[in-house]
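Structure first, commentary second.
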Amino acid sequence: MSEQPIVEDIPEQMRVRRDKRDRILNSGGQPYPVAVPVTHSIAQVRDAYAILEADVETPDVVGVAGRVVFVRNTGKLCFAAIQDGEGNRLQLMVSLAAVGEESLAAFKADVDLGDHVFAQGRVGTSRRGEVSVFVSTWRLAAKALRPLPVLHKELAEDTRVRQRYVDLLVRPLARETVRQRALVLRSLRESLHGRGFIEIETPMLQTQHGGATARPFVTHMNAFDIDLYMRIAPELFLKRAVVGGIEKVFEINRNFRNEGADSSHSPEFSMLEAYEAYGDYLSMATLTQNLVQTAAMDVFGTTTVRHANGEEYELGGEWPSITLYGSLSEALGTEITPETPVPALQALCDAAEIAGDPRHANHGKLVEQLWEHHVGSGLTRPTFVKDFPVETSPLTREHRTTPGLVEKWDLYVSGFELATAYSELVDPVIQRERFENQARLAALGDAEAMRLDEDFLTAMEHGMPPTGGMGMGIDRLLMALTGLGIRETILFPLVKPEERQ
RNA sequence: GCGCCUCUAGCUCAACUGGCAGAGCAGCUGACUCUUAAUCAGCGGGUUCGGGGUUCGAGUCCCCGGGGGCGUACCA
């Protein structure tokens, strides 16, 4: 060891690996070569030679590379397993007879768990029958300076999320979840494209936030010197597109809401919104059931999915519909209607010890709170809950038969809200009144109330066709399919930085 | 936001009512041409999350701060 004044205060195992890197460089080697001559993937070799009997050597020469996940250095014959990004493994056998004394010694000295290694040699099998490359030459493909965690123990949850790349290396389910999410997105897009929907992208930076009731993130644009909002929903722009004649339109993209984060909420989350001119909330229900069931089939080949806790969940068949007021009345044993006065609802909330903010205790919010408490928490199988109070749904048209209701459903799957859909409000005069009501709520201190959007109203005044619209949380769809928490369905979820003082 | 639990070696975890900070894997040295969580012999490795306090003595008790988990409230 040289006595440099720069004594790095790093753990022993990292120091050892840095020393190895230095030694390789100093002896004219290259710990990070620009390229290695790979001829076959690990999976290709495994698949092609899976039928070999034990203890044979073929004349076929391959060049393979992968991350070292197992090393066994014995006297004159070393074993290593290299792994690809999908978790496929291939054994390398490095023998004194094949590579010579110097190369064998270098292998023992330089190769650590976690390194990327390239090897060339004949394919064969070990005496135990494992498909292996009998290495004739090898070299480092990339030196890892940090040790791999123990492969046989679960990583701490914190590490799994903060260092997802490590999680992906060591935990098959982490890799599987990434693949499943990609398949779900692909399935949704293919289903929608197959029905003639066009995918568009609408602004994420908005001068005015709208389309949902939520608190936004605020940012600032220097060039115009104005505040901008990260969008809370794409709804109002997708509707502008419908006004413009894109009659079947959808977007799959991120929304941002400046609210709580827990096992089913993330400050940024992915959302599918789809709008269909001349559709309504009933046609959107059919579409939604179909999208979800097709996604389950495309990912798992069945609508009976198995959740992370081992339980089966049935997504197949026709999903039942209940009405909000009907199911609540049934659960309470007393009739609740859009005419039920606020004091009576408040009394029921008090009786059930539901704490609400009394400043905005209107009929709609109270009914929804009661429903959540008495009905929603008990729903298990996929269920459409239909016909909501008008106060809480300012973008939804009035019910075609029942005054005081709007044509909206929420879809509940495995205990949480997966999707929602409306027969969209398209009358610009009523839409303006609804916005004005929201503005009154905002004035009373409701931070989530919608803002009046003149530009959107102008678009609607140009004539919006009768339209059905639907929104579905992509992360939540993954949750419904896998039973995982939202932070496991998102590859790199937001984590609090660790403050160092 | 509130409540409860938690943070110890690279990783996963021990450490009794406060009394010398340990194990497995990983690492280092050596042996081994069929290992695959190899085996054998030996050796290193610690800001016990940070700061303060109580005490002869703190990983352990108290206070402040930070991270994480669970529950609960609001939102998808």
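Each chain gets a letter, A, B and so on, in the order the sequences are listed, and its residues count up from 1. Keep in mind that this is a model prediction, so the values were computed, not measured.
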G44(B) versus U29(B) - spacing of their P atoms, nearest Å: 15 Å
side-chain contact (heavy atoms from CB on, under 4.5 Å) against P389(A), all qualifying residues, sequence neighbours excluded: L324(A), Y325(A), H363(A), E368(A), E391(A), T392(A)
Dot-bracket notation for RNA chain B, counting Watson-Crick and G-U pairs under 3.5 Å, with | for partners on another strand: (((((((..((((.....[..)))).(((((.......))))).....(((((..]....))))))))))))....
Phosphate-side-chain proximity, K108(A) and G30(B), N/O vs OP1/OP2 below 4.0 Å: no
Given RNA chain B, 5'-ward residue of the pair D55(A) and A109(A), judged by closest heavy atom: A109(A)
OP1 or OP2 of G45(B) under 4.0 Å from side-chain N/O of R15(A): no
Aromatic stack H152(A)/C25(B): centroid gap under 5.5 Å, interplanar angle under 30°: no
Salt bridge E154(A)-R160(A), side-chain N to carboxylate O under 4.0 Å: yes
Whole angstrom value for the distance that separates C1' of C75(B) from CD of E372(A): 11 Å
Ring geometry between W319(A) and F384(A) (parallel below 30°, tilted from 30 to 60°, perpendicular above 60°): tilted
Residue K20(A), side-chain heavy atoms: nucleotide from C28(B), G68(B), C32(B) that is nearest: C28(B)
E448(A) versus T213(A), side-chain donor and acceptor atoms under 3.5 Å: no
Pairs flagged by side chain to side chain donor-acceptor pair (under 3.5 Å) wherever residues 142-153 of chain A is involved - sequence neighbours left out: D112(A)-K143(A), D115(A)-K143(A)
Distance below 4.0 Å between R72(A) side-chain N/O and C34(B) OP1 or OP2: no
Sugar-phosphate only, base, or nothing, as touched by R17(A) at under 4.0 Å among non-hydrogen atoms: nothing
Euclidean distance for P, C64(B) against C4(B) (whole angstrom): 12 Å
G22(B) to G45(B) separation - C1' atoms, rounded to the nearest Å: 13 Å
Pair of N/O donor and acceptor under 3.5 Å linking C74(B) base with D262(A) side chain: yes
Partners passing side-chain contact (heavy atoms from CB on, under 4.5 Å) against Q13(A) (at least two apart in sequence or in another chain): P147(A)
Residues E251(A) and R231(A) bridged, charged N to O under 4.0 Å: yes
Which nucleotide in C34(B), G68(B), U35(B) has an atom nearest any side-chain atom of R128(A): U35(B)
Pair of N/O donor and acceptor under 3.5 Å linking U35(B) base with Q91(A) side chain: yes
Within 45° cone and under 6.0 Å: K408(A) NZ/CZ vs F388(A) ring: yes
Sugar-phosphate only, base, or nothing, as touched by N73(A) at under 4.0 Å among non-hydrogen atoms: base
Touch class at under 4.0 angstrom, heavy-atom based, for R487(A) against every strand present: sugar-phosphate
Which residues share a salt bridge (charged side-chain N to carboxylate O under 4.0 Å, His left out) with R122(A), sequence neighbours left out: none
Atom-to-atom span, CG of D158(A) to C1' of C70(B) - whole angstrom: 15 Å
Working for side-chain contact (heavy atoms from CB on, under 4.5 Å), residues I24(A) and L140(A): CA-CA 10 Å; I24(A) 292 163; L140(A) 271 178; 3.5 Å; yes
Nucleotide nearest E448(A) (side chain, heavy atoms from C-beta), chosen from U36(B), G67(B), C74(B): C74(B)
Sugar-phosphate or base contact per nucleotide [nucleotides 2-12 of chain B; S, B, -; heavy atom under 4.0 Å]: --------BBS
Touch class at under 4.0 angstrom, heavy-atom based, for S266(A) against every strand present: base
Nearest-neighbour nucleotide for the F79(A) side chain, U35(B), A26(B), G67(B) considered: U35(B)
Separation of the C1' atoms in U54(B) and C62(B), to the nearest angstrom: 7 Å
